[in-house]
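Before I ask anything, here is the structure I am working with.
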Amino acid sequence: MLRERIQAETVTAMKAKDKDRTAALRLIGAKIKDRDIELRTSDKKPEDNELVTDVLLKMAKQRRESIEMYEDGGRQELADKEKAELVVIEEFLPKQMSEDETRTAIAGIKADLGADGMKDMGRVMGELKSRHGATLDMTKASGLVKEALS
């Protein structure tokens, strides 16, 4: 479903002659095809929307890191290009959890697992990812989990 929506948006952007949006959508399509090729030899294949969401999350994370590096290096024009791509990518991602929602989810998982120290961080992070992976920035969540367990 998400894959078809991305393809339809690509066609719409091409018809509207929106070059930047078309380029970003084609990049997303290419990354999805790359992942499809990677998974051809895999024994277990994830559900299609899960696969597309995973690709989009990785692309968004890469864009955020690139924006930060470009801005630190004084390359604002490149940072602006990455920001424009990030906006297109985020259109297709589920709404991200707020910091308060993330803290609440961490507290619930911590209680469910009986986690009480840093030794349980891996278990908490694993459960957090399985329950809320697509709606959560795991790098921010990692800091919040450390804070909750210390």
Side-chain angles (χ1 to χ4, degrees), residues 1-10 12-13 20-21 23-73 75-76 78-150:
M1 173 131 176
L2 196 52
R3 185 185 301 250
E4 288 82 20
R5 192 171 138 221
I6 291 169
Q7 290 169 341
E9 289 290 327
T10 304
T12 304
D20 293 334
R21 184 171 172 76
L25 288 165
R26 284 182 170 166
L27 188 63
I28 292 169
K31 290 289 184 186
I32 293 169
K33 284 181 184 175
D34 287 346
R35 179 60 64 83
D36 287 341
I37 291 168
E38 282 176 28
L39 293 175
R40 280 185 188 161
T41 58
S42 177
D43 291 336
K44 68 176 188 182
K45 296 181 178 154
E47 186 238 318
D48 193 56
N49 275 349
E50 187 179 315
L51 179 139
V52 173
T53 302
D54 187 48
V55 169
L56 291 171
L57 285 170
K58 286 182 180 170
M59 289 180 74
K61 181 180 178 190
Q62 289 171 338
R63 295 303 170 289
R64 287 187 197 100
E65 290 170 356
S66 296
I67 290 167
E68 188 177 315
M69 288 188 332
Y70 287 142
E71 287 177 343
D72 290 346
R75 301 292 309 267
Q76 193 58 44
L78 293 173
D80 292 341
K81 182 177 184 278
E82 294 288 319
K83 285 178 183 176
E85 287 179 4
L86 183 59
V87 167
V88 174
I89 292 167
E90 287 178 338
E91 280 180 38
F92 301 101
L93 285 172
K95 180 184 171 296
Q96 297 293 297
M97 291 173 69
S98 70
E99 189 171 321
D100 291 336
E101 293 170 327
T102 304
R103 287 181 192 277
T104 303
I106 290 169
I109 291 170
K110 187 177 160 187
D112 290 349
L113 297 177
D116 59 356
M118 288 303 290
K119 67 182 184 327
D120 297 316
M121 183 164 174
R123 288 182 26 219
V124 173
M125 286 297 292
E127 189 63 26
L128 192 62
K129 184 170 183 168
S130 70
R131 290 187 193 179
H132 307 286
T135 59
L136 197 58
D137 181 354
M138 293 307 287
T139 50
K140 289 179 185 171
S142 175
L144 295 174
V145 169
K146 279 182 187 172
E147 183 182 305
L149 292 175
S150 57

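Just so you know, these numbers use all the heavy atoms, side chains as well, and skip hydrogens, waters and symmetry mates.
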Checking the side chain of Arg63 only, and the main-chain atoms of Met59 only, is there a donor and an acceptor separated by less than 3.5 Å?
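Confirmed, Arg63 side chain pairs with Met59 backbone.
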
From Glu101 CD over to His132 NE2, what is the distance, rounded to the nearest 0.5 angstrom?
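That separation rounds to 9.5 Å.
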
Residue pair Arg64, Glu90: steps toward the salt bridge (charged side-chain N to carboxylate O under 4.0 Å, His left out) verdict
CA-CA 11 Å; Arg64 287 187 197 100; Glu90 287 178 338; 3.0 Å; yes

Salt-bridge criterion met for Glu85 and Lys81 (N-O under 4.0 Å):
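Counted as a salt bridge, because a side-chain N and a carboxylate O are separated by less than 4.0 Å.
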
Do Lys83 and Glu71 touch side chain to side chain, with heavy atoms closer than 4.5 Å?
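Result yes, sub-4.5 Å side-chain heavy-atom pair found.
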
Just wondering, do Asp112 and Arg131 contact through their side chains at under 4.5 Å, heavy atoms?
yes

Validation row: Leu2, Leu56 side chains within 4.5 angstrom (heavy atoms)
yes

Is there side-chain contact between Leu25 and Phe92, with heavy atoms separated by less than 4.5 Å?
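The answer is yes, as the side chains (C-beta and beyond) meet within the 4.5 Å cut-off.
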
What residues, two or more places apart in sequence or in another chain, satisfy salt bridge (Lys or Arg N to Asp or Glu O under 4.0 Å) together with Glu65?
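With sequence neighbours excluded, Glu65 shows a salt bridge (Lys or Arg N to Asp or Glu O under 4.0 Å) to no residue whatsoever.
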
Compare all side-chain heavy atoms of Asp80 with those of Gln76 and state whether any distance is below 4.5 angstrom.
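Heavy-atom side-chain distance check passes, below 4.5 Å.
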
Pairwise distance NZ(Lys129) to CD1(Ile109) - rounded to 0.5 angstrom:
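Result: 13.0 Å between the selected atoms.
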
For Glu50, all residues meeting salt bridge (Lys or Arg N to Asp or Glu O under 4.0 Å), sequence neighbours excluded:
none

The complete set of side-chain hydrogen bond (donor to acceptor under 3.5 Å, both in side chains) pairs with one or both residues in residues 52-62, sequence neighbours excluded, reads Arg35-Asp54

Atom pair CD1/CZ of Ile67 and Arg75 - distance to nearest 0.5 Å:
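Interatomic distance, Ile67 CD1 to Arg75 CZ, rounded to 0.5 Å: 14.5 Å.
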
Arg103/Glu99 under salt bridge (charged side-chain N to carboxylate O under 4.0 Å, His left out): CA gap, chis, key distance, verdict
CA-CA 6 Å; Arg103 287 181 192 277; Glu99 189 171 321; 2.7 Å; yes

Is it the case that atom CZ in Arg26 sees more than 12 heavy atoms from other parts of the structure closer than 6.0 Å?
no

Could you grab the distance from atom CG of Leu144 to atom CD1 of Ile106, nearest 0.5 Å is fine?
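The CD1 atom of Ile106 is 4.5 Å from CG of Leu144, to the nearest 0.5 Å.
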
Any side-chain heavy-atom pair of Ile32 and Leu51 under 4.5 Å:
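Of all side-chain heavy-atom pairs linking Leu51 with Ile32, at least one is under 4.5 Å.
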
